[in-house]
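The structure appears right after this line, and notes come after that.
Since this is a predicted model, take the numbers as computed values, not measurements.
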Amino acid sequence: MNNAHQAQRVTGEVAVQACQDMQQIHQANELVTSIVAAIDNNVARISEGESLVSTTSTTLANIADRVQQVATLVDEIATASQEQSSGVEQISHAMAQLEDVTQQNASLVEQVATASRSLDEQADEMSALVSRFQVTEPVMSDHRQLAYNR
């Protein structure tokens, strides 16, 4: 009976070992399932990340194009500003010349006014001097005779 008892004990130990092995296999299976789910989740995230990278790349390319367009516009504005500045400078120079000509004209008008007053005075003096003379008609001659009146 000893052998039978020993066989029964060994059989019990084998059964316990088999049960433990089954539990470990079940746990391993759960771990594999969990790992597969984690891998699937990581693959989905990687795919999502690739999509984001692609979108970001496209967006950055669009931004670079827009920056180039803005740079071109800024260059055009700078050129237009330089041209406008040059035009304003030319206008300023022309205005200064007009101011000089206006001052010269004002001086000439003053000189003409002074000369006109002087000529008026001389004309008045001439008139006074000429009014002293009388013109008479000669009876026999075609020549005029002048007489000076004092």
Here the gap from Q84 atom CD to I91 atom CD1, rounded to the nearest 0.5 Å, amounts to 9.0 Å

Nearest-0.5 Å distance that lies between atom CZ in R132 and atom OG in S127 =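 Reported value, rounded in 0.5 Å steps: 11.0 Å.
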
Could you check whether any side-chain N or O of T56 sits under 3.5 Å from a backbone N or O of L52, counting only pairs where one atom can act as donor and the other as acceptor?
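Pair found, side chain donor or acceptor close to backbone of L52.
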
**Side-chain (S54) to main-chain (E50) donor-acceptor, under 3.5 angstrom** =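 Not a single qualifying donor-acceptor pair exists.
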
List the atom pairs, donor and acceptor, that lie under 3.5 Å between side-chain atoms in residues 30-40 and the rest of the protein, sequence neighbours left out.
| unit_1 | atom_1 | unit_2 | atom_2 | d |
| --- | --- | --- | --- | --- |
| E30 | OE2 | H26 | NE2 | 2.8 |
| T33 | OG1 | N29 | O | 2.9 |

With sequence neighbours left out, which residue pairs that include part of residues 86-105 fulfil the side-chain hydrogen bond (donor to acceptor under 3.5 Å, both in side chains) condition?
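Found H93-Q97, E99-Q103.
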
Exercise answer: donor-acceptor pairs, residues 60-75 side-chain atoms, under 3.5 Å, sequence neighbours excluded:
| unit_1 | atom_1 | unit_2 | atom_2 | d |
| --- | --- | --- | --- | --- |
| T72 | OG1 | Q68 | O | 3.0 |

| query | Under a single-linkage rule joining Ile, Leu, Val, Met, Phe, Trp and Tyr whose side-chain heavy atoms are separated by less than 4.5 Å, which residues share a cluster with V130? | reply |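 Other cluster members: none.
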
Original post:
salt bridge (charged side-chain N to carboxylate O under 4.0 Å, His left out) with E13: which residues, sequence neighbours excluded?
Top reply: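 With neighbours one apart ignored, the set is R9.
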
Quick note, salt bridge (Lys or Arg N to Asp or Glu O under 4.0 Å) partners involving residues 103-124, not counting sequence neighbours, are E110-R117

